[in-house]
Peer 1: 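Handing you this structure, nothing more for now.
The residues of the chain are indexed from 1 along the displayed sequence.
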Amino acid sequence: MSAPIGSTVLGYPRIGPRRELKKALESYWAGTSSAEDLQAVASEIRAGTRTDLAALDSQPTGTFSFYDQVADVTALLEAVPPRFRPDGRRSGSALDEYFAMARGTESAPPMEMTKWFDTNYHYLVPEIGPDTTFRLAERTPVDLYREAVEGGVRNGRPALVGPVSYLLLAKAAAGAPAGFDPLRRLDDVVAVYAELLGELAAAGAGWVQLDESAFVQDRSEAELDALRRAYERLTSVSPRPSILTVFSYGDPAEALDVIARTDVEGVALDLVTAPGLVDRIPSTTGLRDKTLVAGVVDGRNVWRTDLPRVLSRAATVLGGVGELAVSSSCSLLHVPYDVSVEDALEPTVTARLAFAREKVAEVALLGRALTQEGTEDLRQAVADASTNRRAAADETVRDRVAAVEAADRTRSAYDVRRKAQAAELGLPDLATTTIGSFPQTPDVRKARADFAAGRLDATDYTKRMQDEIERVVRLQSDLGLDVLVHGEPERNDMVQYFADTLPGFATTKLGWVQSYGSRCVRPPILHGDVSRPEPITVEWAQYAQSLTPKPMKGMLTGPVTILAWSFVRDDQPLGVTADQVALALRDEIADLEDAGIRIIQVDEAALRELLPPRRADRGAYLDWAVGSFRLATGGAADETQIHTHLCYSEFGDVIDAIDGLDADVTTIEAARSRMEILADLEEVGYSRGVGPGVYDIHSPRVPTRDEIAALIAEARRAVPDDRLWINPDCGLKTRGYAEVEPTLRALVEAAVEARNS
């Protein structure tokens, strides 16, 4: 019989406390270190994770990844798209093939990337067809389990994405018959998982963790039946580890009943995102004989847990399940490592925070309290670990939000604005632009770091930033772009830059979180009421505009994206917080207009990201999300062209909301998905300006002019030339000039050629 799970977490950060994995990956990709060097860093990170989780009764052993956990399953199953093996055989090492899927090669574009549920984490979308061959190509979960045992872990639990969710998160491969559903391949995939379970049992694993979080989304009867069939097959394997089926990020609804009626031994539920599940547990047939892993510590936000309340709630389900374990609500992948290193935060803020290591301590304490309820020192420890998490109120900010009226969220009709903007701007058809940022050179980064550390005074810093802006503006002019940007050299991050200047936010030194691969972000902590005491971007935009007669975009980050990419206070409704941020941006837009800026981009890259998994819950979110954007932009003059930008999501889910934003121009990721968004835009009758990206900036690959021209031709079939913009998918910050310059030159040439055709 498997050992009890007890206290645990469902995953852990894997980039290293000081981004060791990021540095090792980028060194390996640059050819300055070996595969052995990379593996050594990965081994050290995993050893550190085992130490951090040692206080728990059990721990997952397979949540480390070199890029992402879905790509890991693709490699495990050898479901590698044929373009990465043009002769049918692996051309290099398994590691290089894995990275090729993520980054592309000279001849093969990378796999599509999209958001992991409603988080800022991204995964590589599997490409599955009727001819995809599945086999157990590697034994990484077995190897990582054995490594953990050798490292002293007594109750390890291999963890990977479950077989049904893997297929539900996939797309049909190129060339698959119309209407092909990857779920048709379920039996073949489950057969490989069954083989893996046997090997894990032989290695001594008592439990295996299979993440089926795709079932917190709306699912059909056929998909629910697929879940039942898959787990009936897997539980019939003998010998095998006990199976823990995980549902994070929401309420699994009917899927909970389906899985409870199978012979899986454990179910993990997210009781933070879906607290109402607590009331359903006692009446769910089958749970009385299973281990319930109660996800009561928030794995996605950084506030300390109200431990007495959580302990009381958890105790109410004790009689309705076989065994009760406690855990994080999802993987701790979404939070930074350690609060204790953040010595520059205000103590009143720090006292309210718990990062990954602190959350592990909370889970361990809850686990002990549940099993030793009569111990007075534990009850006192639980009480001592809780704290008041309410922020002090700024009544001026709150009064301003309360005074907002419907008219504040409304501009003139689009046709009126369009005529005014055409007269003001005089732009050609198929206008070319970029999304905002340009590559940040080592010199730019060093200047920012020196200024922050006091090694560079304000005058010298401003001069260096202005020199870089001038260089970027000159480059864009030479390339022939129609609408320019200043390149954002002064910005460390599109959200943190604003957080550094807005009261109500705090920023960290080492609060890094993985977004995808080696890409890491430091989400600010939105802990109080938000205001804007002075302009933020006006000086830089005004200087850049003085360098060129062409229109210069003012660049802002939208309220929803600021919330999505921050750790947001949870003591008031998100819509209220979004309106506070929107009013700050509204003031910035007014000042940009006064400075002569006539195109202002308000990025809402994360609009899709916060979308609730269940359709029934989406209306309320979209109401406040769209409303906050319109509050930010609602005061703009008719002559001011408002742009917005969205990236890497399933946009069809929010297509009505994109229309509802009422932006004059929407630029949107489309290169990796080969313009899939255009069909959605046509379906809703979208009639404003749109710029579907023709350059995938998340890959180092340089597309040819012919490739860009083909994407432009595809876009022109759906959008009239006078409303179609030509631009990259996203900002260019993470790319180098050796890639950017030839690609932008090809982009402009292809656009001019199309314009003249």
Peer 1: Applying side chain to side chain contact (heavy atoms under 4.5 Å, CB included), can you list everything that pairs with T434, at least two apart in sequence or on another chain?
Peer 2: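 For T434, the residues satisfying side chain to side chain contact (heavy atoms under 4.5 Å, CB included) (neighbours in sequence not counted) are F438, Q476, L481, V485, P728, L732, L744.
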
Peer 1: Taking the side chain as every heavy atom from C-beta outward, state whether E223 and Q217 have any atom pair closer than 4.5 Å.
Peer 2: no

Peer 1: Got a sec, which residues hit salt bridge (Lys or Arg N to Asp or Glu O under 4.0 Å) with R146, two or more places apart in sequence or on another chain?
Peer 2: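 Here no residue qualifies.
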
Peer 1: Go through it in stages, so that I can follow the logic: the residues are H334 and F117, the test is ring pair (Phe, Tyr, Trp, His ring centres under 6.0 Å), and I'd like the CA-CA distance, side-chain angles, deciding distance and then a yes or no.
Peer 2: CA-CA 12 Å; H334 307 294; F117 303 106; 9.6 Å; no

Peer 1: Using a 3.5 Å distance criterion without hydrogens, assess whether the side chain of H122 forms a donor-acceptor pair with backbone atoms of S515.
Peer 2: yes

Peer 1: Looking at N492, is its backbone amide N or carbonyl O close enough to the side chain of K733 to form a donor-acceptor pair, meaning the two atoms are under 3.5 Å apart?
Peer 2: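 Between the backbone of N492 and the side chain of K733 there is a qualifying donor-acceptor contact (under 3.5 Å).
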
Peer 1: Has the side chain of T245 got a donor or acceptor atom that lies under 3.5 Å from a matching backbone atom of V267?
Peer 2: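 No, because the side chain of T245 does not come within donor-acceptor range (under 3.5 Å) of the backbone of V267.
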
Peer 1: Using the test side chain to side chain contact (heavy atoms under 4.5 Å, CB included), find all partners of T63 that sit at least two apart in sequence or belong to another chain.
Peer 2: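 If we apply the side chain to side chain contact (heavy atoms under 4.5 Å, CB included) test to T63, skipping adjacent residues, the hits are P60, A159.
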
Peer 1: Before giving the answer on side chain to side chain contact (heavy atoms under 4.5 Å, CB included), spell out for D493 and R522 the whole-Å C-alpha distance, their side-chain angles and the decisive distance to 0.1 Å.
Peer 2: CA-CA 8 Å; D493 174 85; R522 266 188 304 157; over 6 Å; no

Peer 1: Within a strict 4.5 Å, meaning less than it, do heavy atoms of the R240 and T235 side chains meet?
Peer 2: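 Answer yes - side chains close enough.
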
Peer 1: Report yes if the side chains of L510 and R18 come closer than 4.5 Å at any heavy-atom pair, otherwise no.
Peer 2: yes

Peer 1: May I ask you to check whether S34 and D37 show a side-chain donor-acceptor distance below 3.5 Å?
Peer 2: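 Judged by distance alone, the side chains do pair up.
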
Peer 1: Carefully, step by step, assess R519 and T734 under the rule side-chain hydrogen bond (donor to acceptor under 3.5 Å, both in side chains).
Peer 2: CA-CA 9 Å; R519 173 70 171 151; T734 60; over 6 Å; no

Peer 1: Could you give the distance from CG (N120) to NZ (K115), rounded to the nearest 0.5 Å?
Peer 2: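 Here the rounded value is 5.0 Å.
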
Peer 1: Report the C-alpha separation of S327 and T8 in whole Å, then their side-chain angles, then the decisive distance to 0.1 Å, and conclude whether the side-chain hydrogen bond (donor to acceptor under 3.5 Å, both in side chains) test is met.
Peer 2: CA-CA 5 Å; S327 78; T8 192; over 6 Å; no

Peer 1: State, with a plain yes or no, whether a side-chain heavy atom of L475 is found less than 4.5 Å away from one of E741.
Peer 2: yes

Peer 1: Closer than 4.0 angstrom, basic N to acidic O: yes or no for R608 and E669?
Peer 2: no

Peer 1: May I have the step-by-step check of side chain to side chain contact (heavy atoms under 4.5 Å, CB included) for E44 and E20, ending in yes or no?
Peer 2: CA-CA 9 Å; E44 290 175 4; E20 291 87 347; over 6 Å; no

Peer 1: Do the charged groups of E468 and R448 touch, with an N to O distance under 4.0 Å?
Peer 2: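 Not counted as a salt bridge, because no side-chain N and carboxylate O are separated by less than 4.0 Å.
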
Peer 1: Not counting sequence neighbours, which residues clear side chain to side chain donor-acceptor pair (under 3.5 Å) with T61? List them please.
Peer 2: none

Peer 1: If we ignore hydrogens and angles and just use 3.5 Å, is the side chain of E739 paired with the main-chain N or O of V702 as donor and acceptor?
Peer 2: no

Peer 1: Please confirm whether the backbone N or O of R445 pairs with a side-chain atom of Q440, one donor and one acceptor, at under 3.5 Å?
Peer 2: no

Peer 1: If the test is side-chain contact (heavy atoms from CB on, under 4.5 Å), which one of I435, I726, L646 qualifies with T667?
Peer 2: I435

Peer 1: Assess the residue pair Y695 and D729 against the criterion (side chain to side chain contact (heavy atoms under 4.5 Å, CB included)); give the C-alpha distance rounded to whole Å, side-chain angles, the decisive distance to 0.1 Å, and a yes or no.
Peer 2: CA-CA 6 Å; Y695 167 24; D729 271 345; over 6 Å; no

Peer 1: Report yes or no: does T561 contribute a side-chain atom to a donor-acceptor pair with the main-chain N or O of A606 at less than 3.5 Å?
Peer 2: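 Checking the backbone N and O of A606 against the side chain of T561, a donor-acceptor pair under 3.5 Å is found.
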
Peer 1: Would the distance check show the side chain of Q514 and the main-chain N or O of C520 forming a donor-acceptor pair, the cut-off being under 3.5 Å?
Peer 2: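 Not at all, since once roles are kept as given, no pair shorter than 3.5 Å links the two residues.
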
Peer 1: If you apply the rule side chain to side chain contact (heavy atoms under 4.5 Å, CB included), what do you find for R233 with Y193, and how did you get there?
Peer 2: CA-CA 10 Å; R233 170 71 179 93; Y193 272 73; over 6 Å; no

Peer 1: Backbone N or O of G129 within a donor-acceptor pair of the R185 side chain at under 3.5 Å?
Peer 2: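 Present.
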
Peer 1: Working to the nearest 0.5 Å, report the span between CG of D603 and OG of S437.
Peer 2: 9.0 Å

Peer 1: Could you list the residues that satisfy ring pair (Phe, Tyr, Trp, His ring centres under 6.0 Å) with Y12, not counting sequence neighbours?
Peer 2: Y337

Peer 1: Evaluate side-chain hydrogen bond (donor to acceptor under 3.5 Å, both in side chains) for T441 paired with D443, printing each intermediate quantity in order.
Peer 2: CA-CA 5 Å; T441 65; D443 287 345; 5.2 Å; no

Peer 1: When you compare the side chain of F247 with that of D270, does any pair of heavy atoms fall below 4.5 Å?
Peer 2: no

Peer 1: Heavy atoms only: give me the nearest E78-A137 pair and the separation to one decimal.
Peer 2: CB-CB, 3.5 Å

Peer 1: Is R83 paired with E127 through a side-chain N to carboxylate O contact shorter than 4.0 Å?
Peer 2: yes

Peer 1: So, do L333 and V513 sit near enough that their side-chain heavy atoms are less than 4.5 Å apart?
Peer 2: no

Peer 1: Name all residues meeting the side chain to side chain contact (heavy atoms under 4.5 Å, CB included) criterion together with A202; count only those two or more places apart in sequence or in a different chain, and write none if there are none.
Peer 2: none

Peer 1: Check side chain to side chain donor-acceptor pair (under 3.5 Å) between D68 and all other residues, then give those that pass, not counting sequence neighbours.
Peer 2: none

Peer 1: Can a donor-acceptor pair be found, under 3.5 Å and without considering hydrogens, that links the side chain of T32 to the backbone of S27?
Peer 2: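 It does hold such a pair.
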
Peer 1: Taking C-beta and beyond as the side chain, do D188 and V192 meet within less than 4.5 Å on heavy atoms?
Peer 2: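 Counting from C-beta outward, D188 and V192 never come under 4.5 Å.
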
Peer 1: So do W565 and M494 actually touch side chain to side chain, heavy atoms under 4.5 Å?
Peer 2: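 Side chain of M494 against side chain of W565, heavy atoms only: contact under 4.5 Å found.
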
Peer 1: Under the ring-ring contact (aromatic ring centres under 6.0 Å, His included) definition, can you give me all pairs with a residue in residues 65-97, not counting sequence neighbours?
Peer 2: F64-F66

Peer 1: Identify, with sequence neighbours excluded, every residue that meets side chain to side chain donor-acceptor pair (under 3.5 Å) alongside R139.
Peer 2: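 Side chain to side chain donor-acceptor pair (under 3.5 Å) list for R139, sorted by chain: E199.
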
Peer 1: Would a distance-only check, ignoring hydrogens and angles, find a side-chain to backbone donor-acceptor pair under 3.5 Å from T119 to W116?
Peer 2: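 Flag set: sc T119 to bb W116 pair under 3.5 Å.
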
Peer 1: Any chance the side chains of D96 and Y28 put a donor and an acceptor closer than 3.5 Å?
Peer 2: yes

Peer 1: Excluding sequence neighbours, so at least two apart, what forms side chain to side chain contact (heavy atoms under 4.5 Å, CB included) with A170?
Peer 2: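 Expected list: P126, I128, P182.
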
Peer 1: With sequence neighbours excluded, what pairs up with S43 under the side chain to side chain donor-acceptor pair (under 3.5 Å) test?
Peer 2: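 Once residues adjacent in sequence are excluded, S43 has no partner under the side chain to side chain donor-acceptor pair (under 3.5 Å) criterion.
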
Peer 1: In this structure, which one of R357, R46, R14 forms a salt bridge (Lys or Arg N to Asp or Glu O under 4.0 Å) with D52?
Peer 2: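 The residue from R357, R46, R14 that satisfies salt bridge (Lys or Arg N to Asp or Glu O under 4.0 Å) with D52 turns out to be R357.
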
Peer 1: Who are the ring pair (Phe, Tyr, Trp, His ring centres under 6.0 Å) partners of Y98, not counting sequence neighbours?
Peer 2: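 Y98: no ring pair (Phe, Tyr, Trp, His ring centres under 6.0 Å) contacts found.
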
Peer 1: Which of parallel (below 30°), tilted (30 to 60°) and perpendicular (above 60°) describes F355 and F567?
Peer 2: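 Judged by the thresholds at 30° and 60°, the geometry between F355 and F567 is tilted.
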
Peer 1: Could you tell me the separation between the CZ atom of R103 and the CG atom of D696, rounded to the nearest 0.5 Å?
Peer 2: 11.5 Å

Peer 1: Please report the shortest heavy-atom distance between P110 and S699, naming the atom on each side.
Peer 2: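 Nearest heavy atoms, P110 then S699: CG-CB, 3.7 Å.
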
